[in-house]
Amino acid sequence: MNEKPGFFRRIIEIALLASVYFATAQLGQVFAIPPGNVTPVWVPSGLIIAALLLRGYWLWPGIFLGAFFGNVCAYFDFENMSNIAESAFSGSMNGMGDALCALAAVWLIKRFTLRVKQPTQVRQLTYLTLFGSIMAGTISAVFGVSGLMLSDFIAANDYWSVFITWWVGDSAGVLLFTPLLLRWRAWQSWQWFKLLTLIELLFFTALLLLTIMFSLGLLPTGLDLRFPPAVVLPILLLSVFRYPYHITLAFVLLTATLLLLTTVEGLGTFANQDQNTALLQIQMFLFPLVLTILFLLANREDRLATSRALEESREYNRTLFEELPLGLALCDMSGRLIDVNQEYADILGRSIKDTLQLTYWQITPEKYAAKEDEQLQSLTETGRYGPYDKEYLHKDGLFVPVRLTGRLITINGQQYIWSSVEDITVEKETQRNLELARKQAIEANRAKTVFLSSISHELRTPLNAILGFTQYLESISENPDARQKKALGEIRNGGEHLLHLINELLDLTQIEAGKLIVNPQPTPLKPVIADCYNFIEHSATANNLELIFEQKIDYWVNTDALRLKQILLNFLSNAVKYNSERGRVELACTQKNNLLRISVYDTGPGIDQNTMASIVKPFERAGAEKSAIQGTGIGLALCKQLASLLNIEIGVNSEPGSGSEFWLDLELIGEPTEASPPKATTVEPAG
Ligand code: ADP
């Protein structure tokens, strides 16, 4: 339905509908038959259903007004002006009846038609016949004829005969006119008419008219030739198959009108003394005829729509097939290529026509024979194959890497293989380059490790000699003066620092080379932590730092004590190095289920979020290199590697200005003696 137009437009359309209704009703009166002055084919009933269907329910006042004035005009006695009240009453009844039945019919037609997903023409026509013609005709006849009887225009005795004519007239009006009016747009397109078709149409019309006239015995042939009226049926059938919907409808209308008019005029097979009987008979003939033609037309339209939809979907699929940037191929079970798209042909460097001369085996290198068998096996077992990477033979003799997937399909009872083929040349190249880059990186890293490891060994030997001789000099020099003492101290300090650096470097390179072996075993934590305390105590005191160590440390863990100590000492020596004046270093333990977290807290400058990730990288000092604090930037990198070797987690929580917490998590075990079961001691967090 169209959108509801503006108020004035609606008023105009309502007035127009009322006028057309009135005019067609007046025209109908010419053929009205007594006693009720009812017309055998009531054009307005077809008009109003079409109007509401095309424009909307809001047109109903037009129906009321048209029917009202039409009725008043037919029954009002203009000479005596005596029956104003009766004709007004009868007019209102008629108007109400018509408006009501049109509204109800259109509502029902729409409701039932829209309920299905794809309303077909046959379905629409069925509802139009049921609701628009049969039901609406009945409502209108009940209202109209009752109005006539109540206002004494007809006698009660004549009620049924007038009712039948009324009903027949209304129903016929809908069947003959509504489908034609609903097709009003078709009349606006004249493309269909060409000179030849116009001539053909003229011949056809002449044939139809002649047949009707023969059937009525109207042709002055001198012979008493009279065909049964049913001979028009094959001619109308011809129109159904030859001409568009609306043209055939026009022929049906022409036939019906001619037969009706001549019958009313007392001509033809159906002529009868009693006009009502004559009309009933002709209607009985026309109803099935018109319905047959209408349903055949609707059926043809539906078929056309279906084949159009099929054609469109075929076109759509074909476009997809041709335009897809993926090779598609259909081949029969012997491997003959039946259909391929451009992309497929491009992969082979050939034209489509060329490709279709080939079999699958001609483009498959021999080395893939075994793999092909596997895929064929999968195809017969599961109906599918792939994804499967192989190569195709290019026209130039090159191998093109491709990835195939496919499935079995059946067309006209024959089995075919439907494959999609992706050219993976670029992917393979990228893979090759990546692999090469990876190998180069591994090789470079290995070379670096070998270099570092050997240079560290080479450095350690002379360094040990320097340190040994420094100690020797310190021990043999009696009463060295302050300058000598300082010089020897400097040599020892520098040497020790260098040794520490070399040792850490060696550890790191050994881990990277996979040579450092850890030896986890049940270990009591207490001695490890006590060692750490002893080791760090001196430097903490020297730096004026308060040192707090957790006391409840009777835990057992499965670890390598030496390496665990190495990590903790790194944390502790960092906590001492990166601390504040008169600050604090604290080692605390927190137990959660069977996990023990050992945390080393300090009151130093803390670390900001951005640098946290970098401090575990070798030689990264996060700005500390600019300070006076000695360091190599290897400690935490080594801790990370050691932790991963020991399979423990380490981490840091810190904020600039509020110190740092470096932690590691250890899994607790019970003390490994039969006498004492695992201790589930609760350790309070260090305060
Ligand atoms: P180094 O201490 O020899 O420089 P590390 O690998 O042990 O090397 O530490 C890397 C960097 O992390 C240090 O240079 C320092 O900037 C930062 N850092 C480590 N521990 C702390 C800490 N407790 N507080 C503040 N910064 C720290």
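Just so you know, ligand 1 is whichever comes first in the structure, and atom 1 is the first atom listed for that ligand.
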TODO: For the residue pair Arg492 and Leu467, establish whether any side-chain heavy-atom pair is separated by less than 4.5 Å.
DONE: yes

Open item on the list: Looking at Glu655, I want to see if its CD is surrounded by more than 12 non-hydrogen atoms of other residues, nucleotides or ligands under 6.0 Å.
Closed with: no

Task: Protein contact to atom 19 (C) of ligand 1 [nearest heavy atom, distance to 0.1 Å] - done: Asn574 ND2, 3.5 Å

Task: Gly631 neighbourhood, listing ligand 1 atoms whose heavy-atom distance to it stays under 4.0 Å - done: 3 (O)

Task: Protein residue, atom and distance nearest to atom 12 (O) of ligand 1, heavy-atom basis - done: Ile615 CG2, 3.3 Å

- [ ] Mark up the atoms of ligand 1 that fall under 4.0 Å of a heavy atom belonging to Ser660, in ascending order.
- [x] 24 (N)

Task: Mutual orientation of the aromatic rings belonging to Tyr533 and Phe549 [parallel < 30°, tilted 30-60°, perpendicular > 60°] - done: perpendicular

Open item on the list: Need the ligand 1 atom indices (1-based, order shown) with element for anything under 4.0 Å from a heavy-atom of Glu620.
Closed with: 10 (C), 11 (C)

Task: Ligand-residue contact atoms, ligand 1 with Ile607, heavy atoms, under 4.0 Å - done: 25 (C), 26 (N), 27 (C)

TODO: Determine whether the side chains of Arg460 and Asn503 contain a donor N or O and an acceptor N or O closer than 3.5 Å.
DONE: yes

Open item on the list: Looking at ligand 1, is there an atom of it that comes within less than 4.0 Å of some heavy atom belonging to Gln630?
Closed with: no

Task: Glu374 vs Tyr385, side-chain hydrogen bond (donor to acceptor under 3.5 Å, both in side chains): CA-CA, chis, key distance, verdict - done: CA-CA 9 Å; Glu374 266 173 41; Tyr385 79 90; over 6 Å; no

- [ ] Determine whether any heavy atom of Gly633 lies closer than 4.0 Å to an atom of ligand 1.
- [x] yes

TODO: Drop me the distance from Leu587's CG to Trp663's CH2, to the nearest 0.5 angstrom.
DONE: 15.0 Å

Task: Residue portion contacting ligand 1 (non-hydrogen atoms closer than 4.0 Å) for Asp602 - done: side chain

Open item on the list: Give me the nearest non-hydrogen protein atom to atom 3 (O) of ligand 1 as residue plus atom name, then the distance to 0.1 Å.
Closed with: Thr632 N, 2.7 Å

- [ ] Report, in ascending order of atom number, the atoms of ligand 1 lying under 4.0 Å from any heavy atom of Ala624.
- [x] 14 (O), 16 (O)

TODO: Return the option from Phe619, Tyr578, Phe662 holding the heavy atom at the smallest distance from atom 13 (C) of ligand 1.
DONE: Tyr578

Open item on the list: Tell me the contacting part of Leu636 for ligand 1: side chain, backbone, both, or neither, using a 4.0 Å heavy-atom threshold, strictly below.
Closed with: both

Task: Part of Lys577 within contact of ligand 1 (heavy atoms, under 4.0 Å) - done: side chain

Open item on the list: Taking only non-hydrogen atoms of Glu625, do any sit less than 4.0 angstrom from ligand 1?
Closed with: no

TODO: Nearest 0.5 Å please: distance from the CD1 atom of Ile634 over to the SG atom of Cys639.
DONE: 11.5 Å

- [ ] Answer yes or no: is there a donor N or O on one side and an acceptor on the other, between the side chain of Asp332 and the main chain of Ser334, under 3.5 Å?
- [x] yes

Open item on the list: With a sphere of 6.0 Å drawn around CD of Glu322, does it hold more than 12 non-hydrogen atoms of other residues, nucleotides or ligands?
Closed with: yes

Open item on the list: Using a 6.0 Å cut-off, check whether atom NZ of Lys577 has over 12 heavy atoms from anything other than its own residue.
Closed with: yes

Task: Protein residue, atom and distance nearest to atom 4 (O) of ligand 1, heavy-atom basis - done: Arg621 NE, 2.5 Å

